[in-house]
Amino acid sequence: MRFFLKYGIFLTVLLALKATATPLLIPEPPQIAAKSYILMDAYSGEVLVEKNADERLDPASLTKLMTSYVADYELREGNIQRDDQVKVSVRAWAQNFPGSSVMFLEPGKDVPLEALLKGVAISSGNDATVALAEHIAGSERAFVDLMNQHARLLGLENTQFANPHGLTHNGHYTSARDMAKLAMAIIMDFPDEYGIYAEKEFTYNGIRQTNRNRLLWRDATVDGLKTGHTESAGYCLVSSAVRDDMRLVVVVMGTRSDEARFQETQKLLSYGFRYYKTVKLYDKGQIVNQATVWGGQQDQVPLMVTDNVYVTLAKSQQDKLAAEISVDKYIEAAVEKGQVLGDMIIRVGDQVLLKKPVVAQTSVQQGGLFTVLWSKIKLFFIKLVDRG
């Protein structure tokens, strides 16, 4: 159903989604045995379930997700290369102490950077983490500064790093929500690098180590990301899975056992996929309508969205989804490309799910003197009528 007004736009689109014959009732979320947890839709950013999600906790080896994120960023910027040969320092080798996760590096030896990336993501090697940090930033301390800069840029409000590996340290903390945001950034910003988190094993120096994320074996839809454990942190897990074009991210922190973190994560994944649905409404740059421009060389300008537009909703609500685009009817030239000219509002019934700006796809230059004057005269009388 569409409504178009000559001097403005008010568009309502009823999205033709398959209606559910029988309403699907949504139960209360499952009880999760963890200090903190969150379930998010990776594409829309919608939080489906959370508890103590902003509590600052010891992240243990979840820290290495930021180490890997920084490395992926440096790779993309061309500051490091996959075939770089990294000399293992004594400091990196010294991480090989009882109880420490290591890649079994040897001091003074050269290691391909690509091997270190796997040693961090798959083997969770503290020695690989320090070697990588020193190669990228010159020192562990300088690398930690990079980690915290990226944390601020990603909007991680309850995160501060004191080291790149996650061993317990004063002033080293994060939250379940921040870890979910970081996981989403890894998935979205570096899709070509993300596959490393799904690799089940890694062999270096003749030593084979398996990925500690057991969900990679139990659930074929799970493709990441990272486990973590220290005595103070408990057992933690950041995971992600894709089913039917829906990607969920789960973070559980502070569970009581190795097995518990996987069981509690599976509860949240099952709940999210069973009762919710992700709908992609528009692609980045897609034209959604036209707006009238007064006094311009053209009298219309295409309107577009600047990002992919996703919404997450209960499966029982998918036939009630509607999008409304509201644009100011008094737009006067000149109009700049990318200028915000209105809003798109996504609703389910009376509930607003999402509000996004719509922008000019192209610039519209001011018309000639006669065009501008005639437009101003018409606008004067239109505004007069509108005021009643």
Side-chain angles (χ1 to χ4, degrees), residues 1-19 41-46 155 184 188-189 245 277-314 317-388:
M1 187 180 300
R2 297 173 180 266
F3 300 94
F4 178 78
L5 302 182
K6 184 176 180 182
Y7 301 116
I9 297 176
F10 184 81
L11 170 67
T12 299
V13 183
L14 295 181
L15 298 154
L17 298 172
K18 185 177 179 181
D41 185 312
Y43 297 140
S44 70
E46 184 76 17
M184 289 162 57
M188 302 302 177
D189 294 350
D245 299 321
K277 181 182 181 67
T278 302
V279 179
K280 187 177 185 181
L281 302 180
Y282 302 100
D283 292 315
K284 178 180 179 179
Q286 183 175 339
I287 296 174
V288 295
N289 214 279
Q290 305 279 329
T292 299
V293 179
W294 296 91
Q297 293 181 5
Q298 298 88 37
D299 59 6
Q300 297 278 309
V301 62
L303 301 174
M304 70 176 189
V305 288
T306 55
D307 296 297
N308 294 329
V309 179
Y310 292 92
V311 293
T312 307
L313 68 162
Q317 296 177 317
Q318 58 188 358
D319 59 325
K320 303 173 185 176
L321 190 63
E324 170 189 302
I325 298 177
S326 179
V327 180
D328 187 353
K329 62 182 178 181
Y330 304 132
I331 299 170
E332 297 186 62
V335 173
E336 297 296 325
K337 180 180 179 179
Q339 182 176 331
V340 176
L341 298 178
D343 293 302
M344 171 186 290
I345 302 171
I346 312 298
R347 303 177 187 272
V348 169
D350 295 330
Q351 179 188 3
V352 175
L353 295 181
L354 183 69
K355 187 175 181 180
K356 285 272 192 182
V358 292
V359 305
Q361 188 202 36
T362 60
S363 298
V364 177
Q365 301 302 318
Q366 197 173 61
L369 180 62
F370 177 79
T371 299
V372 172
L373 289 175
W374 182 238
S375 292
K376 288 187 178 295
I377 292 170
K378 288 195 289 184
L379 269 178
F380 173 79
F381 287 105
I382 289 169
K383 291 178 181 180
L384 212 58
V385 170
D386 286 347
R387 293 191 195 106

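What you see is a predicted model; the values in this text were computed from it and never measured. Quick note: residue numbers are just sequence positions, from 1.
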Measuring from atom [atom1] of [X] to atom [atom2] of [Y], what distance do you get when rounded to the nearest 0.5 angstrom?
X: L313; Y: L354; atom1: CG; atom2: CG; result: 11.5 Å
X: E46; Y: L353; atom1: CD; atom2: CG; result: 7.0 Å
X: L321; Y: K277; atom1: CG; atom2: NZ; result: 11.0 Å
X: Q366; Y: Q297; atom1: CD; atom2: CD; result: 9.0 Å
X: E336; Y: Q365; atom1: CD; atom2: CD; result: 6.5 Å

May I ask you to test the [X]-[Y] pair for a side-chain heavy-atom distance under 4.5 Å?
X: R347; Y: V352; result: yes
X: V359; Y: V340; result: yes
X: Q300; Y: T292; result: yes
X: Y310; Y: D41; result: no
X: V327; Y: N289; result: no
X: V358; Y: V305; result: yes
X: M184; Y: Y43; result: no
X: Y282; Y: M344; result: yes

Which atom pair, heavy atoms only, marks the closest approach of [X] to [Y]?
X: I346; Y: A323; value: CD1-CB, 3.6 Å
X: K337; Y: S363; value: N-OG, 3.0 Å
X: V335; Y: A360; value: CG1-CB, 3.8 Å
X: I331; Y: A291; value: CD1-CB, 4.0 Å
X: G295; Y: S375; value: N-OG, 3.0 Å
X: A333; Y: G296; value: CB-CA, 3.5 Å

| query | Do other residues, nucleotides or ligands put more than 12 heavy atoms under 6.0 Å from the CG atom of D307? | reply |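 Yes, CG of D307 has more than 12 neighbouring heavy atoms, counting only those of other groups under 6.0 Å.
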| Quick one: salt bridge (Lys or Arg N to Asp or Glu O under 4.0 Å) pairs with a partner in residues 282-295, sequence neighbours left out? |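 Checked against salt bridge (Lys or Arg N to Asp or Glu O under 4.0 Å) - neighbours excluded - the pairs reaching residues 282-295 are K280-D283.
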| field | Pairing residues for Q298 by the side-chain contact (heavy atoms from CB on, under 4.5 Å) criterion, not counting sequence neighbours | value |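 Partners of Q298 by the side-chain contact (heavy atoms from CB on, under 4.5 Å) criterion, ordered by chain and then number, come out as V364.
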| query | side chain to side chain contact (heavy atoms under 4.5 Å, CB included) between L341 and D328: does it pass, once the steps are laid out? | reply | CA-CA 7 Å; L341 298 178; D328 187 353; over 6 Å; no
| message | Given 3.5 Å as the limit, does a donor-acceptor pair link the side chain of T312 with the main chain of T278, or not? | response |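 It does not hold such a pair.
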| Looking at residues at least two apart in the chain, or sitting in another chain, which of them share a side-chain hydrogen bond (donor to acceptor under 3.5 Å, both in side chains) with E332? |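 If we apply the side-chain hydrogen bond (donor to acceptor under 3.5 Å, both in side chains) test to E332, skipping adjacent residues, the hits are K376.
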